[in-house]
Amino acid sequence: MVAVTAPYVAGFLAFREVPVLVEAVQRLQQEEPQLQPQVLLVDGNGLLHPRGFGTACHLGVLTDLPCIGVAKNLLHVDGVVRDELHREQVRSLQRSGETFPLTDTSGKVLGMVLRSCNNSSKPLYVSVGHRVSLGTAVRLVRACCRFRIPEPIRQADIRSREYLRKQPCAPLEVLEAVPASPESSKKEAELED
DNA sequence: GCGACAG
DNA sequence: ATCTTGTCGC
């Protein structure tokens with residue numbers, strides 16, 4: 001059982017999810033030494049990030065494992081916007097494996113937009129996390145795609161959701177430990193008046 | 001000033 | 001992310 005308390009805030013995903021991910025990697029290393037990953041596909045971004053250091057970078061540094069950022073949606077980064085030009089470039093990706101780069105205002109490549117399979121026109125946003133080149137990252141992600149979402153991430157999604165389905169409720173003491181949001185505090189105050 | 005912005 | 005009703009295609 002793990003508990004996540006930090007809220008989701010775009011640009012700060014790592015502060016919410018990395019602690020649990022590090023824990024999972026360490027448990028794998030302790031309990032399954034015969035199954036050591038050579039690279040991690042991270043559900044989120046690496047260098048494609050407002051401060052150039054997304055979840056895949058955090059996890060890579062803390063585990064010293066090669067990490068690849070794989071986002072299903074484009075995070076807002078200065079110089080990288082999903083305007084009409086972006087949508088047009090996405091439409092130009094006709095076949096699985098086709099890509100185009102995402103560049104910041106200075107011309108530096110932050111990541112690649114990848115059409116991961118022929119069936120889906122919605123691309124993936126691949127970026128370097130740690131100890132891997134962008135070219136290798138794109139090739140690996142592409143090679144993992146039976147469907148749009150790379151199989152390791154897809155399986156993690158499916159299996160974690162199945163787990164949550166069987167463990168629907170968090171322990172009461174955990175819920176009580178979570179501070180009330182300003183919004184809910186306001187509602188509670190109104191009720192008590 | 002407001003909205004947009006990984007999961 | 002989550003919820004939800006229906007639809008299209010292999």
Side-chain angles (χ1 to χ4, degrees), chain A residues 2-25 40-62 67-87 89-90 95-96 99-105 109-130 132 134 137-138 140-141 144-170 174-175 178 181 183-184:
Chain A
V2 296
V4 177
T5 55
Y8 167 69
V9 180
F12 296 87
L13 178 65
F15 295 94
R16 172 179 169 85
E17 302 202 341
V18 159
V20 163
L21 297 178
V22 171
E23 197 178 313
V25 171
L40 303 179
L41 299 197
V42 180
D43 198 338
N45 289 301
L47 297 183
L48 178 55
H49 183 272
R51 295 175 302 284
F53 206 79
T55 301
C57 301
H58 280 250
L59 187 61
V61 168
L62 293 180
C67 286
I68 299 172
V70 185
K72 302 181 289 293
N73 295 95
L74 181 60
L75 174 62
H76 182 268
V77 178
D78 51 82
V80 183
V81 192
R82 51 173 187 205
D83 49 14
E84 191 46 47
L85 172 60
H86 178 78
R87 296 168 193 274
Q89 294 180 113
V90 168
R95 302 286 301 176
S96 165
T99 64
F100 68 87
L102 292 173
T103 331
D104 68 9
T105 49
V109 176
L110 301 181
M112 297 290 273
V113 183
L114 167 69
R115 175 152 183 161
S116 64
C117 70
N118 288 327
N119 281 346
S120 178
S121 58
K122 182 166 182 174
L124 296 177
Y125 298 89
V126 179
S127 61
V128 168
H130 190 62
V132 65
L134 185 54
V138 169
L140 263 175
V141 169
C144 288
C145 289
R146 182 166 155 75
F147 306 106
R148 182 175 84 104
I149 306 301
E151 208 55 23
I153 292 178
R154 184 167 165 270
Q155 287 302 318
D157 260 354
I158 292 173
R159 296 178 190 202
S160 62
R161 229 176 292 284
E162 176 183 338
Y163 176 83
L164 289 178
R165 189 169 56 75
K166 297 173 181 170
Q167 311 283 327
C169 295
V174 174
L175 294 178
V178 179
S181 68
E183 192 61 27
S184 61

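Below, each value reflects all heavy atoms present in this structure, side chains not excepted, and no hydrogens, waters or symmetry copies. Chain letters run A, B, ... following the sequence lines, proteins first and then strands; every chain starts at 1.
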Legend entry - Watson-Crick and G-U pairing of DNA chain C, under 3.5 Å, as dot-bracket with | and [ ]: ..........
Nucleotide N/O of nucleotides 8-10 of chain C paired with protein N/O under 3.5 Å:
none

Legend entry - Whole-Å distance separating the OH atom of A/Y8 from the P atom of B/dG7: 7 Å
Legend entry - Positions of residues 112-128 of chain A (non-hydrogen atom under 4.0 Å from DNA chain B), listed by number: none
Legend entry - Between C1' of B/dA6 and CG of A/L41, the distance in whole Å: 15 Å
Inset, instruction - Could you check if a side-chain atom of A/V42 sits within less than 4.5 angstrom of a side-chain atom of A/I153, using non-hydrogen atoms only? - result: no
Inset, instruction - Can you tell me the distance, in whole Å, between the NE2 atom of A/H76 and the C1' atom of B/dA4? - result: 6 Å
Legend entry - Heavy-atom check, side chain of A/L74 versus side chain of A/V80, under 4.5 Å: yes
Legend entry - Side chains of A/L41 and A/R154 in contact at under 4.5 Å (non-hydrogen atoms): no
Legend entry - Side chain proximity check, A/T55 to A/L21, heavy atoms < 4.5 angstrom: yes
Inset, instruction - Mind checking the CZ-CG spacing from A/R148 to A/N119? Nearest 0.5 Å is all I need. - result: 12.0 Å
Legend entry - Qualifying salt bridge (Lys or Arg N to Asp or Glu O under 4.0 Å) pairs with a residue from residues 47-56 of chain A, counting only residues at least two apart or across chains: none
Legend entry - Sugar-phosphate, base or nothing in reach of A/N45, heavy atoms under 4.0 Å: base
Inset, instruction - To the nearest 0.5 Å, tell me how far A/I68 CD1 sits from A/C144 SG. - result: 8.0 Å
Restricting to nitrogen or oxygen on both sides, can you table the protein-nucleotides 1-3 of chain C pairs closer than 3.5 Å?
from	atom 1	to	atom 2	distance (Å)
C/dA1	OP2	A/K72	NZ	2.9
C/dT2	OP1	A/R161	NH1	2.9
C/dT2	OP2	A/R161	NH1	2.8

Legend entry - Value rounded to 0.5 Å, distance of CZ in A/R115 from CZ in A/F100: 12.5 Å
Inset, instruction - May I ask you to test the A/L75-A/L48 pair for a side-chain heavy-atom distance under 4.5 Å? - result: no
Inset, instruction - Calculate the interatomic distance between A/L75 atom CG and B/dA4 atom C1'; express it in whole Å. - result: 10 Å
Inset, instruction - Measure the shortest side-chain to side-chain distance between A/D43 and A/D157 over non-hydrogen atoms and say whether it is less than 4.5 angstrom. - result: yes
Legend entry - hbond_proxy A/H49 side chain to B/dA6 base (donor-acceptor, 3.5 Å cutoff): yes
Legend entry - For DNA chain B, the dot-bracket pattern of Watson-Crick and G-U pairs whose distances stay under 3.5 Å, | for other-strand partners: .......
Legend entry - Separation of A/L47 CG from A/L102 CG (nearest 0.5 Å): 12.0 Å
Inset, instruction - For A/F15, report the nucleic acid contact type (base, sugar-phosphate, nothing); a contact means any heavy atom under 4.0 Å. - result: nothing
Inset, instruction - Check every strand shown and say whether A/A10 touches a base, only sugar-phosphate, or nothing at a heavy-atom separation below 4.0 Å. - result: base
Legend entry - Residue pair A/F15 / A/H58, side-chain heavy-atom distance below 4.5 Å: yes
Inset, instruction - For A/L74, answer base if it contacts any base atom (sugar-phosphate contacts may also be present), sugar-phosphate if it contacts only those atoms, and nothing otherwise; contact means non-hydrogen atoms under 4.0 Å. - result: sugar-phosphate
